[in-house]
Amino acid sequence: MARPTLVSLARELGVSRQTVSNVINAPHLVKTETRERVQAAIEASGYRPNVAAQALRNRRSMTLAMRMHPTLEDGINGAIRDRFLHHLVVAARAQGYSLLLTTADSFDDEVDVLTEMHVRGTIDGCVLTDTHAGDSRPSRLVANGVPVAAFGRPWGHDERHPWVDVEGWRGTHAATNHLLEAGHERIGFIGWPGNSDTGVDRRTGWERAMAEHGYGAETGRWQAERVDQIEQGMEAAEKLLDEGVEAFVCASDSLALGALEAVRRRGFEGLEAPVIGFDNTPVARAMGLSSLDQPVEQAAEVLCRQLVARIAASQDATGSVEDEHVLLEPTLVVRELAEMYAPVED
């Protein structure tokens with residue numbers, strides 16, 4: 001069979017060649033019904049654009065960039081970034097783009113590096129991660145003419161860019177309710193030190209659930225902040241267990257694995273441990289640790305679509321696109337402990 005082309009697809013669908021091209025390169029310019037019909041035909045036909053010709057014609061590099069941040073010492077929670085990166089590459093490829101990874105010494109340096117890459121024509125746009133309160137990177141990149149989309153909300157800062165984030169508080173709220181419904185009453189929270197916006201968001205869900213069940217006054221004594229390491233989680237859990245806490249919701253799987261060890265040493269009964277982590281890492285799955293799973297695949301797909309639309313609009317003198325702000329919800333994954341951690345029967 002002859003290889004499908006823009007012309008053959010347009011003839012088959014009864015639309016113009018430009019319409020098919022717009023669905024691929026500037027989907028925001030096409031009506032939803034037409035876009036979905038053309039996209040379905042493209043996928044069914046196996047059509048793949050000529051990337052080199054497309055880049056030359058549109059003066060695009062067909063490349064996106066993202067900075068890789070160092071992995072934490074224990075390496076456990078770097079798994080969520082790896083998952084997101086994998087799905088982002090897949091999503092970018094589906095849009096005809098490649099992903100270029102880069103490094104930077106600081107947030108300021110990251111802006112300079114990405115801006116220089118864009119000026120040189122190496123990239124068409126970039127993805128930001130690790131957003132935080134007062135984060136000026138998005139607004140500075142936009143001011144420099146660099147299309148940008150962020151995995152993480154701006155936390156009250158300039159929102160004139162598309163972003164996707166996960167509502168962590170909804171996950172910890174569900175996790176706390178699960179433990180309460182299982183019969184636990186004194187539920188503690190182990191989070192991160194400092195003013196981490198993500199950490200505060202995750203703690204908020206636990207606080208809300210506890211307050212809804214009449215435990216609001218005790219939450220001040222039933223929480224601890226530690227560096228994101230297994231040993232730190234175990235130390236915090238030991239102290240909270242001495243305060244009478246009997247179950248834990250944690251801001252990460254690293255902290256939760258430490259809490260699991262502390263609870264195990266106290267001789268708990270049952271296959272479902274009264275500990276819930278966050279991020280659903282491979283280590284948590286191997287241990288049988290319950291955890292909250294972030295929808296990173298969906299986040300990557302939405303983010304890539306947003307960024308490609310932003311790039312197309314930036315290169316069209318008459319084009320414009322509305323910045324999307326999307327919040328996704330994590331899913332509670334409840335597990336029974338792996339054999340190595342299961343209680344020993346007499």
In terms of side-chain geometry, is the basic nitrogen of [X] or [Y] positioned less than 4.0 Å from the acidic oxygen of its partner?
X: Asp130; Y: Arg137; value: no
X: Glu231; Y: Arg226; value: no
X: Glu243; Y: Lys239; value: no
X: Asp242; Y: Arg266; value: yes
X: Asp108; Y: Arg140; value: yes
X: Arg120; Y: Glu116; value: yes

Heavy-atom donor-acceptor pair, Ser45 side chain to Ala41 backbone, under 3.5 Å: yes
CD on Glu185 to NE2 on His213, rounded to 0.5 Å: 10.5 Å
pair Arg160-Val142: side-chain heavy atoms closer than 4.5 Å: no
Donor-acceptor side-chain pairing of Asn280 and Gln294 below 3.5 angstrom: no
Identified salt bridge (charged side-chain N to carboxylate O under 4.0 Å, His left out) counterpart of Arg153 within the set Asp201, Asp135, Asp197: Asp201
Whether Phe151 and Phe84 hold their rings parallel, tilted or perpendicular, with breakpoints at 30° and 60°: parallel
Parallel, tilted or perpendicular: ring planes of Phe189 versus Trp206, cut at 30 and 60 degrees: parallel
Geometric cation-pi criterion Arg67 and Phe107, 6.0 Å radius, 45° cone: yes
